[in-house]
Colleague: 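Sharing a structure, written as structure tokens. Questions coming.
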Amino acid sequence: MGNVIVWIVWLAALFGCIGSGVAVVSMTNPFYSAIALIGNLGSLAVFFLLLQAEFVAAAQVLVYAGAVMVMFLFVIAYLGGQADAPWAGGSSWQRWAAVIAASALLLEIIMVIGLKAGGRLSDEAEVREAFGSPGDIGRLFLTDHLLAFEITSIVLLVAAIGGVVLGAHSRHGEPRYEGPAGVPVSRERTLPPEPVAATPHDASGAGVPG
Amino acid sequence: MSIAAWICLLAPLAGALAITLLGELVPRRIAGLVATGSVAIAFAAAVVLFVTVLGRDGEERQELTTAWNWLSVGDLDVGLSLLVDPLSIMMALIVAGVGSLIVAYSIGYMAGDDEERRFFAYMALFVFSMLLLVLAGNFLILLAGWGLVGLSSYLLIGFHHERPSAIAAAKKAFIMNAVGDATMALAFFLLVYETGTLDFVTAFERVDGLSSTVVNLVALGLLGGAVAKSAQIPLHTWLPDAMEGPTPVSALIHAATMVTAGVYLIVRAHPLFEAAPSVQDLAAGLGAVTIVVAGLIALVQTDIKRVIAYSTMSQIGYMFLAAGIGAYANGMFHLMTHAFFKALLFLAAGVVIHALVGEQDMRKMGGLRRLMPRTWIAMLIGGLALVGLPPLSGFFSKDSILASALATGDTYGYVLFAAGLFGALLTGIYTFRMLFIVFTGEPSGFVREHLHTEHGEGPRWMTAPVAVLAALAVVGGAVQIAGIWHPLADFLDSIVAVDRESLALVEPTVTQDWVTSILAVGAGLLGIGVAWLIYGARRVAAPRMVALRNPLERKLYFDELYQTVFYYPAVGIARGWTRFVEGPLIGGSISGVAGATRGLGRGVGQAQTGFLRTYALAIAAGLAVLAMVFVSVR
Amino acid sequence: MNGPDVTWYLAVAGVLFATGALGVLLRRSPLIVLLSLEIMLNGANLALIAFARQQGDLDGQIFALAVMAVAASEVVVGLGLIVAMARRRLVLDVDELTTLRG
């Protein structure tokens with residue numbers, strides 16, 4: 001009986017995951033893509049739970065879906081109309097090559113799985129009850145993988161600084177980009193005229209990670 | 001004795017260094033006095049050596065001192081060693097003695113020149129180089145002195161470096177001497193290879209063991225160097241051009257000392273030459289040819305210094321002739337007397353030039369006999385000595401050479417004798433042509449305008465050495481009077497590597513001496529008479545003889561010949577290489593590499609499209625390929 | 001374990017990865033590209049967690065957490081760039097942003 005429930009949950013998560021993944025890639029409106037991604041992340045959290053990675057699932061929802069995606073949504077809101085771009089374009093050979101490349105990758109992955117990676121994918125380890133619990137993860141982070149832990153914190157710090165720098169107001173106001181000499185900047189889009197002085201000079205917006 | 005030798009050698013060097021290092025700190029006159037003093041010290045040291053050597057006998061008269069051993073390779077030991085023997089002492093006396101007189105003269109001649117100090121430094125350097133050459137104890141030091149002398153000559157010829165003609169003349173002299181240096185160096189290589197030594201004494205001992213080819217080659221190489229340094233045919237074209245240098249330079253280097261280095265070399269290396277008799281005959285032959293050719297060319301020269309220069313060439317021909325037939329002492333005797341009267345002629349001519357503010361063209365001169373009587377007397381003495389009239393010095397020395405030529409007894413010797421006799425005739429003509437043109441007749445317009453004799457004919461510094469040299473030219477011949485007494489020959493009998501009783505290979509008999517003297521004096525007087533007729537009394541016009549005159553005025557086209565044979569081909573080859581090899585190949589390859597790199601960069605840069613998606617596609621495609629590779633390899 | 005075994009999870013991860021790759025390669029808006037990139041990263045995460053479960057080794061989960069942190073940082077910087085570009089009134093179209101053209 002428990003097995004059937006697992007399978008049903010698994011299948012539901014599967015549909016959610018794949019569907020939202022396709023939705024992210026194919027939606028025109030970036031806002032919808034972002035919402036779809038949140039859905040994707042949620043499905044993945046379910047998968048993680050099924051794989052007995054509770055802490056990672058929690059982190060996924062909290063960090064990824066909670067912070068990163070909110071940041072995405074903020075930026076999309078800030079950009080407003082500027083964020084719209086045509087679905088695709090460019091040379092057709094590029095499109096076909098992209099499809100072929102992605103298909104090739106997928107095919108290879110399936111093949112490898114199919115070959116069962118030399119037969120080693122068949123065994124499953126027996127895990128304890130506390131597998132994937134925060135306690136175990138925490139212990140590993142502070143003993144075996146301490147270096148990775150610290151370096152990751154530094155990476156986050158660098159990203160924070162970078163975000164602040166990128167988002168800071170320049171002292172002389174934003175320069176208007178003219179494009180390289182002789183090359184006309186095509187389809188230059190300007191914001192619709194603001195009725196009030198709510199010009200995009202607010203300090204909030206990009207760059208503050210959760 | 002060795003201390004005196006070192007003092008003799010190093011005093012002029014110290015003088016040159018002092019002048020160089022003190023620079024502008026000392027007044028110009030002091031520089032001149034330092035130079036003169038240093039050379040005078042060298043002369044004093046040479047006198048000390050001379051007196052010491054006189055007190056000894058035979059082998060005792062040779063002494064080799066080595067300062068330190070510089071090169072010790074296998075069997076070869078070469079060091080800074082000086083050889084003191086009668087020959088080197090004689091040369092040192094001449095070099096330092098006449099040198100000090102000439103340097104003293106320069107104090108007067110070069111007074112007022114902007115770069116006087118440099119001149120004296122160079123002169124002192126030259127004296128040092130020449131002394132190094134003559135006092136050398138092995139061939140390497142001799143070569144070092146040889147080269148340094150060439151350098152000093154270059155520096156002094158090109159002293160007035162703002163004159164392009166002077167620079168060109170200096171280069172020409174140096175390059176032609178370099179040809180001789182090259183042949184000499186090759187000869188030394190061969191000598192080291194075959195005998196394993198460069199030391200005079202040892203090398204001469206081992207000459208007997210060499211094959212005739214080797215000896216001939218070595219002697220030929222040495223002869224090449226001697227011919228270049230002494231301006232004999234065919235390497236003579238630099239000497240007339242060298243008259244661009246100041247007159248004291250011409251007197252010292254190109255009359256009295258440097259050009260005689262070739263003769264010294266042959267006499268010093270006489271065992272080598274005697275073992276290669278054909279080369280020795282060649283030397284004598286070249287000397288004879290030079291006597292005649294130089295004499296002929298001197299007949300048509302208009303520059304007073306060039307006449308004397310060609311005369312020098314001719315007289316050195318006599319010395320080569322003597323060395324070539326083995327009459328070494330006679331050749332050295334003539335070297336000594338020639339130094340006296342040739343330096344005298346040059347210095348007196350310098351007085352004339354100095355009084356005429358630098359004019360050297362004889363055609364502008366005339367009638368100076370009454371205006372500069374003392375100079376006239378001096379030049380007359382020099383001229384008579386040069387022609388070889390008794391009892392002046394030239395008579396004794398020149399006639400002894402001719403007599404030795406006669407004494408060889410073979411046809412070649414007779415030919416040489418005839419050439420020498422003809423040369424005596426020519427000497428009379430061209431010498432007195434010069435004297436008559438310059439000094440007799442009425443003063444020319446130029447002379448009236450420019451002659452400055454308010455303070456006497458010349459400064460004291462100039463006239464005193466001239467007087468001394470005149471005296472020497474008169475009495476210098478007393479050292480050796482043929483058939484009566486020969487202290488010089490005896491003196492030179494004990495030089496290094498003389499196994500026989502006397503140095504000379506030939507000894508003329510009394511009859512031959514008399515016959516020679518009468519003929520030679522007769523030829524000289526005939527020459528003077530011809531000159532008198534044409535230039536003195538102006539009774540006979542100079543023969544036009546255009547066919548003969550033109551080649552002589554063009555110096556027998558030697559310069560043109562060398563230009564065609566050496567210069568144009570070299571320039572053509574250089575240009576060809578530049579155009580066909582350097583430009584396309586070397587320059588082209590470099591620019592080709594640069595161009596290829598640029599093109600490659602441009603081509604590769606095409607991949608930088610700037611399109612993000614292309615890059616991403618490339619990454620994805622690469623990843624796919626890699627994955628495929630990994631999968632298939634597994 | 002109940003439910004599908006590891007290979008199914010891996011297949012899902014592969015599909016996610018390929019989908020994200022398609023999105024990166026085909027879309028022109030940098031924002032969508034970033035989102036697609038996130039999908040790819042998540043696909044990788046899923047594979048890691050699956051392997052961790054299969055091997056019984058928690059290192060995979062650690063790895064996934066690190067990936068998550070790094071992905072967050074990368075999103076920060078990427079969004080910062082996009083905002084900066086928008087401020088300068090640049091067209092947010094990857095095909096137009098070709099200043100780095102060599």
Side-chain angles (χ1 to χ4, degrees), chain A residues 2-3 6-7 10 14 18 21-22 24-25 30 33 37 44 47-48 50-53 56 59 63-64 68 71 75 79 82-83 85-86 88-90 95 98 102 105-106 109 113 121 124-125 127 132 136-137 140 145 148 152 155-156 159 162-163 166-167 174 176-177 187 189 205-207 209, chain C residues 1-7 9-12 14-16 18-19 21-23 25-29 31-32 35-36 38-39 42 46 49-50 52-56 58 61-62 64-66 68-70 72-73 75-77 79-84 86-93 95-96 99:
Chain A
N3 214 11
V6 172
W7 268 101
W10 190 87
L14 176 76
I18 305 271
V22 172
V24 165
V25 172
S33 293
L37 187 59
L44 278 174
F47 274 133
F48 290 163
L50 284 173
L51 287 170
Q52 289 193 272
V56 182
V63 170
Y64 238 129
V68 174
M71 194 168 56
V75 171
L79 290 178
Q82 267 189 299
R95 268 182 280 160
L105 279 170
L106 184 59
I109 293 173
I113 299 171
L121 280 180
E124 265 179 35
V127 291
D136 275 3
I137 303 268
L140 272 179
H145 302 292
T152 311
V155 171
L156 287 170
L166 280 171
E174 312 299 342
R176 207 170 178 89
Y177 183 66
R187 286 189 290 110
R189 297 235 200 74
Chain C
M1 163 171 109
N2 308 322
D5 59 333
V6 164
T7 51
Y9 287 100
L10 292 179
V12 174
V15 169
L16 271 182
T19 312
L22 264 178
L25 292 173
L26 289 180
R27 292 302 298 263
R28 278 169 77 164
S29 167
L31 215 47
I32 308 291
L35 288 171
S36 313
E38 290 307 307
I39 297 201
N42 278 297
L46 180 59
I49 302 291
R53 175 63 185 85
Q54 194 244 337
Q55 303 283 339
L58 274 176
Q61 298 191 4
I62 306 279
L65 283 170
M68 222 181 287
V70 170
S73 333
V75 164
V76 162
V77 174
L79 289 176
L81 275 174
I82 292 177
V83 167
R87 281 232 201 99
R88 280 165 177 72
R89 302 283 186 270
L90 287 170
V91 180
L92 288 177
D93 182 345
D95 281 351
E96 299 289 332
T99 323

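The chains referred to below are lettered A, B, ... by the order of the sequence lines, with proteins before strands, and numbering in each begins at 1.
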Colleague: Given a strict heavy-atom distance threshold of 4.5 Å, which part of Leu166(A) is in contact with chain C: side chain, backbone, both, or neither?
Modeller: both
Colleague: Would Phe47(A) and Ile49(C) satisfy side chain to side chain contact (heavy atoms under 4.5 Å, CB included), going step by step from the backbone distance to the final call?
Modeller: CA-CA 9 Å; Phe47(A) 274 133; Ile49(C) 302 291; over 6 Å; no
Colleague: If we define contacts as heavy-atom pairs under 4.5 Å, which of Gly23(C), Gly14(C), Ser36(C), Ser73(C) has the most with chain A?
Modeller: Ser73(C)
Colleague: Output the option from Asn42(C), Ile82(C), Leu81(C), Thr19(C) having the highest count of non-hydrogen pairs under 4.5 Å with chain A.
Modeller: Asn42(C)
Colleague: Check whether any side-chain heavy atom of Val25(A) sits under 4.5 Å from a side-chain heavy atom of Val22(A), and report yes or no.
Modeller: no
Colleague: Go through it in stages, so that I can follow the logic: the residues are Glu38(C) and Tyr64(A), the test is side chain to side chain contact (heavy atoms under 4.5 Å, CB included), and I'd like the CA-CA distance, side-chain angles, deciding distance and then a yes or no.
Modeller: CA-CA 10 Å; Glu38(C) 290 307 307; Tyr64(A) 238 129; 2.5 Å; yes
Colleague: Contact part of Ser33(A) toward chain C, heavy-atom cut-off under 4.5 Å: side chain, backbone, both or neither?
Modeller: both
Colleague: Given the options Val75(C), Ile62(C), Val77(C), which has more heavy-atom pairs under 4.5 Å with chain A than any of the others?
Modeller: Ile62(C)
Colleague: Non-hydrogen atoms of chain A under 4.5 Å away: do they reach the side chain of Leu16(C), the backbone, both or neither?
Modeller: side chain
Colleague: Might you point out which heavy atoms bring Ala50(C) and Leu10(C) nearest each other, and give the distance in Å?
Modeller: CB-CD2, 4.3 Å
Colleague: Quick one: does Val76(C)'s side chain get under 4.5 Å of Val68(A)'s, heavy atoms only?
Modeller: no
Colleague: Which value, rounded to the nearest 0.5 Å, describes the distance between Arg53(C) atom CZ and Tyr9(C) atom OH?
Modeller: 9.0 Å
Colleague: To the nearest 0.5 Å, how far apart are CG in Leu44(A) and CG in Leu50(A)?
Modeller: 11.5 Å
Colleague: For Ala59(A), is it the side chain, the backbone, both or neither that has a heavy atom under 4.5 Å from a heavy atom of chain C?
Modeller: both
Colleague: Between Thr152(A), Val24(A), Val63(A), which residue shows the highest count of heavy-atom pairs closer than 4.5 Å to chain C?
Modeller: Val24(A)
Colleague: Please classify the contact of Leu46(C) with chain A as side chain, backbone, both or neither, using a heavy-atom distance under 4.5 Å.
Modeller: both
Colleague: Would a 4.5 Å heavy-atom cut-off, applied to side chains only, mark Val83(C) and Val75(A) as touching?
Modeller: yes
Colleague: Do you know which of Val56(A), Leu14(A), Val155(A), Asp136(A) has the most heavy-atom pairs under 4.5 Å to chain C?
Modeller: Val56(A)
Colleague: Can you say whether Ile137(A) sits under 4.5 Å from chain C via the side chain, the backbone, both, or neither, judging by heavy atoms?
Modeller: both
